[in-house]
Amino acid sequence: MGSLPGAAQAQPQVLRQRLRGHLGKPYLRIEPQPGAQADLAPLRAAWQQARDAWLAHGGAWLERLRAFDGFKGNMVDATKLGAWQQELDGYFGDAAALFGKVEGLRRLSREGLLKASKKGAAAPDSPWQAPCSSCARPWRRRCRTPSSG
């Protein structure tokens, strides 16, 4: 099988975008290089736990966030919540998206909502937030690039 031009220096997310139409097809099989060491079990487990919590609690919790009036300015509004919901629905709907970076994970985490809330206001908590943080944390630790700090 031939390789994609420029694939050697491309970021994983760029490669995923270029391959999106081919993923899941029987003629494409992506495997790690021989000898590659990567224990993805903790990251997969965190993603699975966050996905299950999102599916169980995400919709109702977002409705509570839409009704919350303690956000600063336009940091969180119904339009952004809708966009983040779609983004997270897609992220948790495709196991291959495990390696995708989604803004909604960061923005809807406890830390993100605390930053977006007015002083003295506390956004509604969700059982989804703890798994969300554990899912985002391994990503930040494993996938830092020189440009992301």
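FYI, the numbering just counts along the sequence from 1. Only heavy atoms go into these numbers, but all of them, side chains included; no hydrogens, no water, no symmetry mates.
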- Query: Stepwise, does the side chain to side chain contact (heavy atoms under 4.5 Å, CB included) test hold for Tyr91 with Trp47?
  - Reply: CA-CA 10 Å; Tyr91 177 71; Trp47 181 86; 3.3 Å; yes
- Query: So Phe71 and Leu113, side chain to side chain contact (heavy atoms under 4.5 Å, CB included) or not? Walk me through it.
  - Reply: CA-CA 8 Å; Phe71 290 120; Leu113 291 176; 3.8 Å; yes
Which pairs would a plain distance check flag for residues 58-68, meaning a side-chain donor or acceptor within less than 3.5 Å of a matching protein atom at least two apart in sequence or in another chain?
from, atom 1, to, atom 2, distance (Å)
Trp61, NE1, Pro124, O, 2.9
Glu63, OE2, Arg66, NH1, 3.0
Arg64, NH2, Asp125, O, 2.8
Arg66, NH2, Gln85, OE1, 3.3

For residues 73-82, which side-chain donor-acceptor pairs fall under 3.5 Å, sequence neighbours excluded?
from, atom 1, to, atom 2, distance (Å)
Asp77, OD1, Thr79, N, 3.1
Asp77, OD1, Lys80, N, 2.8
Lys80, NZ, Asn74, O, 2.6

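The two residues Ala121 and Ser117 come nearest to each other via the heavy atoms O-CB, 3.6 Å.
Taking Arg107 as the reference, Glu103 meet the side-chain hydrogen bond (donor to acceptor under 3.5 Å, both in side chains) condition, with sequence neighbours excluded.
A donor-acceptor pair under 3.5 Å is formed between the side chain of Lys72 and the backbone N or O of Lys115. With hydrogens and angles ignored, the 3.5 Å screen pairs a side-chain donor or acceptor of Glu87 with a backbone N or O of Gly104.
The CG atom of Leu88 lies 10.5 Å from the CG atom of Leu55; values are rounded to the nearest 0.5 Å.
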